[in-house]
2 protein chains.
Amino acid sequence: MQCTRNQTEEHTRAMRAVQDSMDILNGKWKIPIISSMCYYTERRFSDILSDVVGISNKMLSKELKDLEINQLVKRTVLPTQPVTVQYELTAHGKTLQTIILNLAEWGRAHHDKIFAQEPLDSASS
Amino acid sequence: MQCTRNQTEEHTRAMRAVQDSMDILNGKWKIPIISSMCYYTERRFSDILSDVVGISNKMLSKELKDLEINQLVKRTVLPTQPVTVQYELTAHGKTLQTIILNLAEWGRAHHDKIFAQEPLDSASS
DNA sequence: CAGTATCCAAAGGGATACTG
DNA sequence: CAGTATCCCTTTGGATACTG
């Protein structure tokens with residue numbers, strides 16, 4: 001092992017910091033929900049519900065509450081009939097955009113890599 | 001809404017790419033496990049087990065298999081007695097380092113932000 | 001529309017013991 | 001050391017129905 005004690009401590013600290021992030025972004029849905037809001041200044045409950053494929057309204061409701069508690073998302077009720085609710089990223093929530101962009105980029109790269117490896121059935125037909 | 005059709009399509013594509021990433025990095029442990037390997041050229045099973053606080057050997061075993069299947073991690077068995085197994089990030093796995101670093105940085109920033117907000121009990125004593 | 005409430009099946013995952 | 005196997009409790013989260 002070529003690392004010094006200081007590197008080990010830095011490693012430990014970095015691990016904890018990553019864990020802190022993951023505690024807040026926990027579960028299957030947080031990142032996709034934030035992604036949904038990333039490209040718009042504001043987004044309604046039903047918009048996010050259709051953006052995030054597969055999520056149920058119960059889950060979305062719960063996850064948005066979590067994000068609000070952690071101050072990543074701001075919720076605004078508009079006095080319409082029936083009620084409209086808008087969600088938007090807070091300044092703090094927007095600091096996650098870099099990570100989201102990186103994840104999107106990585107997802108594409110990974111997809112391309114796997115695709116390039118696979119023997120294409122269509123080539124044999 | 002001030003976005004054009006093209007932006008909407010790009011949004012949809014980005015959401016899918018993020019989902020693709022999250023499908024591979026699913027669960028509580030993948031990111032911390034990769035983090036554990038980020039700072040070293042190679043890491044043994046027991047090293048990772050102690051790095052990732054709270055994980056069980058059963059979980060670690062399963063998650064490492066997943067990562068190996070997705071070609072993010074390479075597993076090497078050394079002919080020692082008893083057996084030693086080394087894990088290392090593949091070239092492809094290393095492309096996640098940016099994301100890990102960003103997550104660590106964000107975790108620290110978030111921690112600092114929350115800490116700065118909290119009324120300190122120690123101040124009143 | 002934007003949720004909440006309840007029910008319940010399935011998956012997650014810890015503890016422990018065992019193996020090569 | 002590096003896992004695997006089993007037991008079993010806990011959490012997750014979908015489906016459905018209901019509310020302001």
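Just so we're on the same page: letters track the sequence lines, and every chain starts at 1.
For the pair N26(A) CG and dG13(C) P, the interatomic distance rounds to 11 Å; values are reported in whole Å. Atoms CG (D47(A)) and C1' (dG3(C)) sit 15 Å apart, rounded to a whole Å. L60(B) places its CG atom 17 Å from the P atom of dG12(C), with the value rounded to the nearest Å. The CG-P distance, from L49(A) to dG14(D), rounds to 11 Å in whole Å. With rounding to whole Å, K62(A) atom NZ is found 14 Å from dG14(D) atom C1'. Taking atom NZ of K28(A) as the reference point, atom P of dA11(C) lies 11 Å away to the nearest angstrom. In this structure, CG of L67(B) is placed 13 Å from P of dG3(D), rounded to the nearest angstrom. Across the protein-nucleic acid pair, I33(B) atom CD1 and dG13(C) atom C1' stand 13 Å apart, rounded to whole Å.
Closest to the side chain of S56(A), out of dG14(D), dG3(D), dG14(C), is dG14(D). Comparing dG14(D), dA15(C), dG3(D) against the side chain of S61(B) picks out dG3(D) as the nearest. Residue S46(B) places its side chain closer to dA2(D) than to any other of dG3(D), dA2(D), dG3(C). Closest approach to the K58(A) side chain among dC7(C), dG3(C), dG14(C) is made by dC7(C) (side chain taken as heavy atoms from C-beta onward). In this structure, the nucleotide among dG14(C), dA2(C), dA2(D) sitting nearest to the side chain of R44(A) is dA2(C). The side chain of M59(A) approaches dG14(D) more closely than any other nucleotide in the set dT16(D), dA2(C), dG14(D).
Residues I24(A) and L72(A) form a side-chain contact, since some pair of their non-hydrogen atoms from C-beta on lies under 4.5 Å apart. Here the side chains of R44(B) and T84(B) are in contact, with some heavy-atom distance below 4.5 Å.
Regarding contacts with the backbone of dG3(C), a side-chain N or O of Y87(A) is found under 4.0 angstrom from either OP1 or OP2. For dT4(C), the OP1/OP2 oxygens have a side-chain nitrogen or oxygen of K65(A) closer than 4.0 Å. Phosphate proximity of dA2(C) to R75(A): absent, as no side-chain N or O sits under 4.0 Å from OP1 or OP2.
Ranked by how close their nearest DNA chain C nucleotide is to the 5' end, N57(B) and E63(B) are led by E63(B). Of the residues near DNA chain C, G27(B) and P82(B), the one whose nearest nucleotide (by heavy atom distance) lies more toward the 5' end is G27(B). Looking at which nucleotide of DNA chain D each of V83(A) and T84(B) is closest to, the 5′-most match is held by T84(B).
Partner of V18(A) under the side chain to side chain contact (heavy atoms under 4.5 Å, CB included) criterion, chosen from I34(B), I100(B), I99(B): I100(B).
Look at dT6(D): its Watson-Crick or wobble partner, with both distances under 3.5 angstrom, is dA15(C). Searching all strands for a Watson-Crick or G-U wobble partner of dG20(D) with both distances below 3.5 Å returns dC1(C).
Here E10(B) pairs with R13(B) in a salt bridge; the nearest charged N to carboxylate O distance falls below 4.0 Å.
Here the NE2 atom belonging to H92(B) is positioned 4.5 Å from the CH2 atom belonging to W106(A), to the nearest 0.5 angstrom.
Classified by interplanar angle (parallel below 30°, tilted 30° to 60°, perpendicular above 60°), the ring pair Y40(B)/H11(A) is perpendicular.
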